[in-house]
Every structure is written in C-alpha cells, then in structure tokens.
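Step one of this worksheet: look at the structure below.
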Amino acid sequence: MPRVTQETQAQTREKLLYAAADEFAQHGLIGANINRISLGAGLAKGTVYNYFDSKEELFYAVVEEACRLAVSEAKEDPQGSTRERLLALIASDIAWFERHPAFARVFLRESLDPDPEAHARVMAAASPFVMRVVQVLEEGVARGEIISTRPAPVLAMTLVGLDTLALFQHVASNGAWPTLEEIPEFVVGQFLDGAAVR
C-alpha cells in the first residue's frame with residue numbers, strides 16, 4: 001500500500017474543513033452528518049475520522065482555520081498605527097465570513113452559546129486571532145497608543161466581542177446595519193473610544 005505523504009494529508013484535511021464548513025452551514029452543528037462531509041470533500045465515507053475524533057472537534061477545527069486565515073491574510077503593516085493594524089485584522093476576519101456567510105451564521109450561534117464548555121472550545125479555536133490582537137495591543141501599549149490599566153488579553157476579548165456582536169447584528173438585521181464594510185471601522189472606533197490614550 002502506498003504511503004500517504006504529509007502534503008496529501010494536509011490537502012485532505014483542508015478539503016474536509018471546507019466540506020465541513022458547507023455542511024455545518026446547511027445543517028448546523030447538531031444536524032451535520034459526518035458521511036456527507038466526507039463525500040462532500042470527494043472522499044470515502046468515514047474519512048473524517050482519520051483526521052478528527054468527532055463532529056464537534058471538526059467544527060472547532062473549522063473555526064480555528066477561519067481564525068488562522070483571518071490572521072495570515074490580514075493586510076497588516078507592522079509599522080502602522082495600532083488603529084490601522086486592528087482595522088486590518090477585523091477587515092480580514094470579516095472577509096473570511098463574507099466568503100462563507102452560511103457558516104458565519106452557524107459560528108455566531110455557537111459562539112453565543114451560554115454553555116461554559118462550548119464557549120471555552122470556541123475561544124480555544126479562536127485563539128490564533130485573539131492572540132494576534134493581544135500582540136497588536138501589547139505593542140500599542142509599548143508605543144503609548146493604548147492604555148495600560150487593563151491587561152491586553154482583556155482588551156482583546158473586548159474587541160473580539162464587539163466584532164462578534166457587530167456580525168450578529170449584521171445577520172439579525174439582514175445586512176441592513178451594520179454592513180460588512182462598516183464593521184471594521186465601527187468595531188475599532190467603538191473600542192478605541194474606550195482604550196486609546198488621550
């Protein structure tokens with residue numbers, strides 16, 4: 001039997017993540033079907049279990065990939081102001097959701113779940129994005145652009161929370177307000193009203 005290369009494994013995993021995003025978007029976390037995900041990725045039934053232990057683990061892996069892509073695709077200038085860098089991160093996050101609007105709805109529903117275990121898993125999956133925001137804020141504190149009376153992780157959670165609520169409002173209003181284009185400026189503006197050094 002030929003050996004599967006790491007590159008092939010990575011490609012298969014990526015196919016599963018995108019097929020899973022579509023499946024979760026159509027059927028939600030509870031209604032999603034593992035076999036449909038495998039088949040949707042062009043793979044044999046049950047292939048998901050070669051890469052993920054459960055449907056829930058796959059869901060959180062999709063969230064983690066979305067957050068990783070939002071960070072890696074952000075057009076962020078490390079020399080830019082804290083405001084410019086935060087705008088780039090939020091805009092990149094919104095761009096991913098714009099490309100996957102149905103999955104965004106599922107993510108929003110799951111991220112607002114009051115169950116502590118579900119919330120902890122969403123936050124763990126979102127950590128690539130949150131930690132990048134923390135880094136930008138810490139650098140902003142060092143440059144004298146962000147107040148230092150609250151820890152950067154607390155400030156980052158505030159910013160990410162505003163981003164999530166703005167997306168939720170966008171979906172709930174059927175796109176009336178705020179539009180996806182308005183969200184970065186709205187979120188960063190509201191955040192900096194309370195966190196910027198005056």
Side-chain angles (χ1 to χ4, degrees), residues 9-43 47-48 51-76 86-113 115 118-133 156-157 159-188:
Q9 287 178 333
Q11 290 170 346
T12 300
R13 188 177 189 279
E14 184 176 351
K15 286 179 187 176
L16 288 169
L17 289 173
Y18 280 90
D22 290 341
E23 176 72 10
F24 291 131
Q26 290 179 20
H27 303 284
L29 178 56
I30 293 171
N33 179 280
I34 289 292
N35 285 332
R36 279 197 305 256
I37 292 170
S38 292
L39 295 172
L43 304 165
T47 303
V48 166
Y51 293 83
F52 304 96
D53 290 335
S54 67
K55 181 169 60 171
E56 289 74 19
E57 184 184 328
L58 176 56
F59 175 81
Y60 295 115
V62 173
V63 175
E64 184 176 352
E65 178 68 1
C67 293
R68 187 192 66 74
L69 288 172
V71 170
S72 65
E73 295 177 0
K75 295 177 177 69
E76 179 200 345
L86 293 175
L87 281 170
L89 283 169
I90 299 296
S92 183
D93 185 46
I94 300 303
W96 191 92
F97 283 106
E98 195 168 19
R99 291 192 302 270
H100 304 279
F103 180 77
R105 285 171 156 64
V106 177
F107 169 75
L108 289 171
R109 184 171 61 239
E110 296 301 322
S111 67
L112 295 174
D113 187 330
D115 175 61
H119 178 72
R121 293 209 58 190
V122 167
M123 292 317 301
S127 66
F129 187 77
V130 175
M131 294 314 295
R132 184 69 187 116
V133 172
M157 290 308 303
L159 180 73
V160 171
L162 285 171
D163 183 26
T164 302
L165 288 173
L167 278 166
F168 192 83
Q169 173 60 31
H170 169 79
V171 170
S173 71
N174 212 19
W177 182 86
T179 65
L180 290 176
E181 295 76 26
E182 292 173 320
I183 288 176
E185 188 65 48
F186 172 76
V187 167
V188 174

ask   = Quick check: does any side chain N or O of Ser92 sit under 3.5 Å from a backbone N or O of Ala88, one acting as donor and the other as acceptor?
value = no
query = What residues, two or more places apart in sequence or in another chain, satisfy side chain to side chain contact (heavy atoms under 4.5 Å, CB included) together with Ala20?
reply = Phe24, Ile37, Leu58, Val62
ask   = Can you find a pair of side-chain heavy atoms, one from Asp163 and one from Ile94, that are under 4.5 Å apart?
value = yes
key: Inter-residue atom distance Arg132.CZ - Glu76.CD, 0.5 Å rounding   = 4.0 Å
query = Going through the distances and angles, do Glu182 and His170 end up as a side chain to side chain contact (heavy atoms under 4.5 Å, CB included)?
reply = CA-CA 10 Å; Glu182 292 173 320; His170 169 79; over 6 Å; no
message = Nearest 0.5 Å, please: how far is CD1 in Ile90 from CG in Leu162?
response = 8.5 Å
inquiry  = Tell me whether the rings of Trp177 and Phe186 are parallel (<30°), tilted (30 to 60°) or perpendicular (>60°).
reply    = perpendicular
remark   = The complete set of side-chain hydrogen bond (donor to acceptor under 3.5 Å, both in side chains) pairs with one or both residues in residues 55-64, sequence neighbours excluded, reads none
ask   = Taking all non-hydrogen atoms of both residues, which atom of Ala124 and which atom of Pro128 are closest, and how far apart?
value = O-CD, 4.4 Å
task = Mark yes or no for whether Ser38, through its side chain, and Leu43, through its backbone, hold a donor-acceptor pair below 3.5 Å.
result = no
ask   = Should we count CG of Asp115 as having more than 12 external heavy atoms under 6.0 Å?
value = yes
task = Working to the nearest 0.5 Å, report the span between CG of Leu17 and CG of Asp22.
result = 11.5 Å
ask   = Should we count CE of Met157 as having more than 12 external heavy atoms under 6.0 Å?
value = yes
Closest heavy-atom pair and its distance - Ala126, Val63 = N-CG1, 4.4 Å
key: Approximate separation, where rounding is to 0.5 Å, of Phe52 CZ and Leu16 CG   = 6.0 Å
Nearest atoms (heavy-atom pairs only) where Ala91 meets Pro184 = CA-CG, 3.8 Å
key: Non-hydrogen side-chain atoms of Arg121 and Glu110 separated by less than 4.5 Å   = no
task = Please say whether more than 12 non-hydrogen atoms of neighbouring residues, nucleotides or ligands are located less than 6.0 Å from CZ in Phe168.
result = no
query = Quick one: CG on Leu89 to NZ on Lys75, what's the gap to the nearest 0.5 Å?
reply = 12.0 Å
ask   = Any side-chain heavy-atom pair from Asn33 and His27 closer than 4.5 angstrom?
value = no
inquiry  = Within this structure, what is the CG-OG distance for the pair Leu165 and Ser111, rounded to the nearest 0.5 Å?
reply    = 8.5 Å
ask   = Under a 4.5 Å cut-off applied to non-hydrogen side-chain atoms, are Val133 and Val130 in contact?
value = no
ask   = Among all residues two or more places apart in sequence or in another chain, which pass the side chain to side chain contact (heavy atoms under 4.5 Å, CB included) test with Phe97?
value = Asp93, Ala104, Phe107, Leu167
